[in-house]
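Have a look at the structure below, then the notes.
These numbers come from a predicted model, not from an experiment.
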Amino acid sequence: MTIQPDLLQGLNPAQREAVETVDGPLLIVAGPGSGKTRVITHRIAHIVHQYGVHPYRIMAATFTNKAAREMQDRLQRLVGTRAELLSVGTFHAFCARLLRRDGEAMGLNRNYSIFDTDDQVSAIKQAMELAEVDPKGHTPRAVLGVISRAKNVLTDSRGLASRAENYFEETAARVYHHYEEIMVRNNAVDFDDLLMRSVQLLEEYRAVREQYQERFVHVMVDEFQDTNVAQYRLARLLAGDRQNICVVGDPDQSIYSWRSADIRNILSFQRDYPSCKTISLEQNYRSTSNILDAAQSVISNNRQRLDKGLFTENGDGVPVYAHETYNEEDEAGYVIGEVDRLVRERETKAGDCAIMYRVNAQSRALEEACLRRGMKYRLVGGVRFYQRKEVKDLMCFLRLVHNPLDEVSLMRVINVPPRGIGAKSVSLLTGWARDEGVPTYTAMQRILGARREGQPCPVNLPRRAANSIADFANLVEEMANLSVQLPPSELIGEALELAGFRQYYQNADGRAADRSDGQRPEERWENLMEMRETAREFDAEDPADGLASLLERISLVAEVDNYEESEDSLTLITLHQAKGLEFPVVFIVGLEEGILPHYRSIETDAQSGTEAQVEEERRLCYVGMTRAQQRLYLLRAFRRGFMGSSGPTNASRFLQEIPEDVLASPEQSRPAVVSTPRSTRQGTVQTRMPDAPAPPAKPAPGIGETVRHSSFGEGVVIDCIAIPGDHEVTVHFAGSVGIKRLLLSYAPLEKVPGDIL
DNA sequence: TCCTCATAACTTTTT
DNA sequence: GTTATGAGGA
């Protein structure tokens, strides 16, 4: 093995030390932009080249599939094609494969279904019914929350029952017990089970444990501050007695405590591995010092934290802009206008800009502003692709084919597309199955069997319904046979045809095929086609495993995973999803009390008498701010719509935590109106579009400017929209002429200088 | 059995 | 301004 000479080159001393510390437990505290990914990849490459460890023996857990893919790509370049043998992926993906391969040891059939949150809710509703808990008293989601939190600290229903502290937890424990049974009956696991059952498998089955401990010589965990107890336990189990475990994280970027992430894992690590070495990466290579200073001054207000000595040699850069607009629409208009200006002035490309927000609902105003201005954008998140109705329907159908015990899927697709098996028939069918003590699918097969042998239907069902059920059972059976022969994309093709999806969505006679959420049937069909395309990725696999791989992928993708950087369009993204990304230009919108920090957090803190939640919101703000490389804009609206109505807002406390000297003062900043966050004079704050520079033809006027038209006279520009190759200017002319929409390139318009409304 | 319309209830962040 | 649920009609 030869050393790759460049592996240590260009690293600062701390980074270098991290790369070279190979044996034994290692904790890397990595501030934002400190070259963390570089360190991890180089460390892995170093282990492979310098120590001759086979890539197959290295496991690295990432937070998202996208991060995994990036790491994988970089490693390809550092260690070549053997990088494919590395186990790089999310804990969930790793566990899914672990359980598929070795879960049989603990009685888990390898065709198990992975339930997402919606499926879990269905299962919980059933469990609540069995436990005779009134869903009006406790919402299924609340109960699910308790159960999920229990699972994330590796507590089963018995454990929860024994430690329940109040009536609600006792109730939840009872539901949990039924839920566990339902999951077994369905041959299904949920997201939390993937982790918990993997831990159980490794802990209770020595042979399996030893096999994996033998294999993995090095274990690394990225984003360690966002791991939960189960994930940490898993990492420890895999590392075993060798203790070659390296975790990388930043407590200031811990933003997933609501998903049971536990910063205390970092303390536990130091306790569990007393010999561990700690290395801090403190030089920031990403942001200007203005941006870093602003972010630092915000995060320093957290009481539960250790101060770090972050610094950068990147120079001051431009000031951080804080801007207040009248309302949400103005905020969106301002941001899009500013992106447009930066692009036109060739400061940046649209693809270099990102707008970040606390809640998905905030994206709507931004999208509308983009549409109005003709700005190309890319929305990350929102309604997730795999949660769309038609996509989920197809997926459940495939899941049923793969695992007929999956009754959640069965119930979802038994009459979708409509095939004459209504609610009444379904309940007769499931009732009979329950009486017979068999899975519903088995009951359906019996009905089919009876028909095949010309015998009467064994249940008292209307003849038509019994026939439809037999047909459906027959269909699933046929598909199951095909599923082990056909590559996944062809299997989907058959499913669309045979299950009636195509006919349903491509209905030529114009009968409305389910427009429930305002989506066009063609759009739904396109989504199904897209899914078939995705499936092609798995066509090369052995057909016997293809479907399982496809289902696993579909169940475990996050929205950021599909995010492609190459496309040159503006990014709209939640602050949570922005973690791990960076952009030259970042806008954070909605810096108001109630949005960031979110009122739920403020409320929870008030109830518990702590600051824990608001501190997490502050970290979220910090994560957003530190995504910015060159320009950071902080936006706030004076009025914001709230469930229909709109009301005045207060500036976020985080805004006030930024010192004035890194912020733009009004006369410095390009946008004409920048008020300090404290001033909230109603009505006087008005958004004005930034001045347009000189594009090829005529300069586009800013909103509020006065222009003269050769025949209409003088008027005030009230809107200016960029359209391909031109601008559409809306002008309010004096007198009886009124409002006119004009194309800038044709209209005989000229600016009246120095005259601003 | 299935679709349409009305109303009620609610909005944090996601593997 | 949304999305889940229910009643009634085709």
DNA chain B-proximal residues of residues 254-263 of chain A, any heavy atom under 4.0 Å: A:Tyr256, A:Trp258, A:Arg259

Does some side-chain heavy atom of A:Gln231 sit less than 4.5 Å from a side-chain heavy atom of A:Arg233? no

Please give, in whole Å, the distance from B:dT13 P to A:Glu615 CD? 22 Å

Does A:Thr64 make a side-chain N or O approach to OP1 or OP2 of B:dT15 shorter than 4.0 Å? no

Answer whether the closest heavy-atom distance between the side chains of A:Asp119 and A:Arg399 falls below 4.5 Å. yes

Where the side chain of A:Asn360 is defined as all heavy atoms beyond and including C-beta, which of B:dT14, B:dT12, B:dT15 is the nearest nucleotide? B:dT14

Would you indicate, yes or no, if C:dT5 has its OP1 or OP2 atom less than 4.0 angstrom from a side-chain nitrogen or oxygen of A:Lys125? yes

Assign each of A:Gln613 and A:Ile421 the nucleotide of DNA chain B bearing its closest heavy atom; nearer the 5' end lies the nucleotide of A:Ile421

In whole angstrom, give the distance that lies between atom CD1 of A:Ile573 and atom C1' of B:dT12. 16 Å

Ignoring hydrogens and angles, answer whether the base of B:dT12 and the side-chain atoms of A:His598 contain a donor-acceptor pair closer than 3.5 Å. no

Ignoring the backbone of A:Pro418, work out which of B:dT13, B:dT15, B:dC2 is nearest its side chain. B:dC2

Tell me which nucleotide among B:dT12, B:dT1, B:dT15 gets nearest to the side chain of A:Thr90. B:dT15

By nearest nucleotide on DNA chain B, pick out whichever of A:Gln120 and A:Gly420 is the more 5' one. A:Gly420

Should the pair A:Phe397 and A:Phe472 be assigned to parallel (<30°), tilted (30 to 60°) or perpendicular (>60°) ring geometry? tilted

What's the closest nucleotide to the A:His576 side chain, out of B:dT1, B:dT13, B:dT15? B:dT13

Atom-to-atom span, CZ of A:Phe472 to P of B:dT1 - whole angstrom: 16 Å

Between C1' of B:dT13 and OH of A:Tyr599, the distance in whole Å: 13 Å

Taking the side chain of A:Lys424 as heavy atoms from C-beta outward, which of B:dT1, C:dG1, B:dT12 is closest to it? B:dT1

Please state whether the phosphate of B:dT13, meaning OP1 or OP2, lies under 4.0 angstrom from any side-chain nitrogen or oxygen of A:Gln577. no

Rounding to an integer number of Å, can you tell me how far A:Phe115 CZ sits from B:dT15 C1'? 17 Å

Considering just the side-chain nitrogens and oxygens of A:Thr574, establish if one lies under 4.0 Å of OP1 or OP2 belonging to B:dT12. no

Atom OH of A:Tyr212 and atom CG of A:Leu238: how far apart are they, to the nearest 0.5 Å? 9.0 Å

Less than 4.5 Å apart, side chain to side chain, heavy atoms only: is that true for A:Leu635 and A:Leu591? no

What's A:Ser555 touching, base or sugar-phosphate or nothing? Going by heavy atoms closer than 4.0 Å. nothing

Provide, to the nearest angstrom, the distance between the CZ atom belonging to A:Arg141 and the P atom belonging to C:dA4. 9 Å

Please determine if a side-chain N or O atom of A:Asn65 lies less than 4.0 Å away from the OP1 or OP2 oxygen of B:dT15. no

In whole Å, what is the span from the NZ atom of A:Lys389 to the P atom of C:dT2? 20 Å

Is the cationic atom of A:Arg259 (NZ for Lys, CZ for Arg) positioned less than 6.0 Å from the six-membered ring centroid of A:Tyr256 and within 45 degrees of its normal? yes

Side chains of A:Asn415 and A:Val426: closer than 4.5 Å at any heavy-atom pair? no

Quick check on B:dC2: is either OP1 or OP2 less than 4.0 Å from any side-chain nitrogen or oxygen of A:Asn415? yes

With heavy-atom distances below 4.5 Å as the criterion, would you say the side chains of A:Tyr232 and A:Ser268 are in contact? yes

Return the value, rounded to whole Å, for the distance between atom NZ of A:Lys151 and atom C1' of B:dT15. 14 Å

